[in-house]
Amino acid sequence: MGNFQFDWQAMISSIPHLLEGIPYTLLISGVGLVFGFVLGIVFGLLSINPIRLLRWPAIAYIEVFRGTPVLVQVLFIFYGLPEVLGGPIDALTAGIAAIALNSGAYISEIVRGGVQSIDKGQREAGLSLGLSRLDTFRYVIWPQALRRMIPPLGNQAIVSIKDTSLFAVIGVGELVRQGQIYIATTFNALEVYLMVAILYLVITLTLSAILRGLERSGLVGQ
Amino acid sequence: MADPIVEMKDVNKYFGSHHVLKDINLEVVPGEKIVVIGASGSGKSTLIRCVNGLEPFQGGRIVVDGHPLEPGNTSKTSRSLQAIRREVGMVFQQFNLFPHRTVLKNIMLAPMRVRKVGRNQAEETARRLLDRVGIGNQADKFPTQLSGGQQQRVAIARALAMDPRVMLFDEPTSALDPEMIGEVLDVMRELAAEGMTMMVVTHEMGFAREVADRVIYIHEGQIVEQGPPAEVFDNPQSERTKAFLSRVLKH
């Protein structure tokens, strides 16, 4: 320990540099999660399809991308895939793809759980009224399932935002990467990483607040 | 006698190895009110759930309003199912209202999506039906804001909005507090008086005696006895019917 002194000044002056990373963090997680949501709906619904030929590939996707680390996935996409494609993939695209595929697997399970949690009487009521199976799903099951999915979806969004910090290793200029670059010149690791942590917390707390408001507003699932 | 609107011929159903319905033969003519009674687990709910295809069956044939249902998942059967469900309304023990839609929108959904009725006309019909079941002032509430009896009356209005030719009631008062049973039975009595064809599974023997044209007693998946309520209740022929009635009428 000895004569360590916390350098407030270093912490404050790191902020402008770190803020340059936030657009990348938000872009990768935001776009990645939008694609992940689409993948999650598609594969989540396929995973409860009675037709085996549709169900099995969906379950395989979920198990593979949920069962391997997102860091390995992004390394595979960024360093591995170009060998097959014959051209490089830029780091931003690789990061977005990794978040999309990884969150998509988790969101598939959220979708499956949400849909299966709806009482079977709801489906029977829809069908008994003459609604088609598609309309029964669209107007009766899905709105109720979506509402129940908000808390776990919010959870997944927070996990994915934090996962983007791993992408510093492929050189995306996100929050952690900006911190590393700054520390390389100033050597204030403690102060800068503390600031990095605080900025993640600001993002995730903001998201939590928005989601709570959304849940309370009752706008979802009407 | 008029042609039957519901016809079940040698219907057999299994849940796995459990034989739930055994050689059910039943014809219901338009305007007839059938009350199905029996112990729990006797197959009475399963029987009426077969009529609108909520339960598949493994043997025999069901024809509803000219549309045939047969075992197996053929395209002909699935076309029949769509047609039958448009013409047959169903009321469930647990109401099964859509909790995310207002009372009004619960009722408007099927006419708009299935019959392609315009919004204004659907709303007009919905309000008229709510008045008819005595809760016109609850139209904009959500189902959970209503009492059980009110919810079940909404469920009846929702089924009626499709202008069905047959109404199925699957223990419509069994989930209700005692003081709310009467208001639901009153709506059903009115419906019966207007000539609706009804198949009702219930434990309300008073209602059966008063409203039914025919009472059917089911035991272990078989129709053991059927006839006008006065005969079945006052002069049952089968020992099983006698035993069942002595148990339920004692209370």
Side-chain angles (χ1 to χ4, degrees), chain A residues 37 41 44-46 48-55 110-154 211-222, chain B residues 45 48-49 51-55 67 73 78-79 81-102 105-117 142-144 151-152 154-170 175:
Chain A
F37 190 50
I41 292 173
L45 296 181
L46 286 178
I48 45 177
N49 195 291
I51 301 168
R52 222 176 275 165
L53 221 57
L54 295 174
R55 193 170 68 231
I110 294 171
V111 168
R112 180 177 70 81
V115 168
Q116 287 182 334
S117 75
I118 305 303
D119 185 80
K120 77 176 175 37
Q122 291 290 305
R123 182 168 177 274
E124 291 183 351
L127 293 178
S128 78
L129 285 165
L131 294 173
S132 66
R133 286 196 302 190
L134 184 66
D135 274 357
T136 299
F137 181 77
R138 184 171 153 199
Y139 293 101
V140 178
I141 309 294
W142 181 248
Q144 298 183 59
L146 191 59
R147 184 168 221 166
R148 289 189 193 177
M149 281 158 50
I150 296 176
L153 281 176
L211 287 164
R212 284 218 179 79
L214 194 64
E215 222 177 320
R216 257 199 311 269
S217 75
L219 287 174
V220 175
Q222 287 298 310
Chain B
S45 285
I48 70 163
R49 284 164 58 85
V51 172
N52 68 346
L54 288 184
E55 297 286 352
H67 305 288
N73 209 347
S78 96
R79 266 200 311 278
L81 261 184
Q82 290 270 342
I84 289 170
R85 286 170 178 166
R86 285 163 184 244
E87 306 303 329
V88 177
M90 184 157 199
V91 174
F92 300 87
Q93 180 176 354
Q94 299 296 338
F95 327 140
N96 295 349
L97 292 177
F98 307 137
H100 59 301
R101 302 175 73 93
T102 61
K105 286 186 168 168
N106 261 273
I107 302 174
M108 289 163 63
L109 179 62
M112 287 177 68
R113 293 302 305 173
V114 182
R115 297 241 192 262
K116 309 295 178 197
V117 171
F142 285 92
T144 48
Q151 289 191 49
Q152 194 61 298
V154 172
I156 294 172
R158 181 175 70 175
L160 291 177
M162 285 295 284
D163 214 1
R165 302 199 57 201
V166 179
M167 283 285 282
L168 309 175
F169 293 86
D170 186 6

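Each chain gets a letter, A, B and so on, in the order its sequence line appears, and its residues count up from 1.
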Practice prompt. Mark yes when over 12 heavy atoms from residues, nucleotides or ligands other than Arg165(B) sit less than 6.0 Å from its CZ; otherwise mark no.
Written response: no
Worksheet item: Donor-acceptor pair, Asn96(B) side chain versus Ala125(A) backbone, under 3.5 Å?
Response: no
Worksheet item: chain A: which of Pro111(B), Ala159(B), Pro99(B) shares the most heavy-atom pairs with it under 4.5 Å?
Response: Pro99(B)
Worksheet item: Under 4.5 Å between any side-chain heavy atoms of Arg158(B) and Leu129(A), yes or no?
Response: yes
Discussion item. If you count every heavy atom of other residues, nucleotides or ligands that lies below 6.0 Å from Arg55(A) atom CZ, does the total exceed 12?
Written reply: yes
Response to the item:
Honestly, the part of Phe98(B) sitting under 4.5 Å from a heavy atom of chain A is both
Practice prompt. Kindly indicate whether the side chain of Asp135(A), heavy atoms from C-beta on, has any atom under 4.5 Å from the side chain of Leu109(B).
Written response: no
Response to the item:
Distance col, row Ser132(A):OG vs Leu81(B):CG, nearest 0.5 angstrom, shows 12.5 Å
Discussion item. Using 0.5 Å steps for rounding, measure from the CD atom of Gln94(B) to the CD atom of Gln122(A).
Written reply: 11.5 Å
Worksheet item: Is there a donor-acceptor pair under 3.5 Å between the side chain of His100(B) and the backbone N or O of Tyr139(A)?
Response: yes
Fill in: Which of Ile84(B), Val88(B), Leu97(B) touches chain A most, by non-hydrogen pairs under 4.5 Å
Leu97(B)
Worksheet item: Does CZ in Arg212(A) sit with more than 12 non-hydrogen atoms of other residues, nucleotides or ligands closer than 6.0 Å?
Response: no
Worksheet entry | From Arg113(B), Gln82(B), Arg86(B), residue fulfilling side-chain contact (heavy atoms from CB on, under 4.5 Å) relative to Leu131(A) | Arg113(B)
Response to the item:
Output for pair (Arg49(B) CZ, Glu124(A) CD), nearest 0.5 Å, gives 4.0 Å
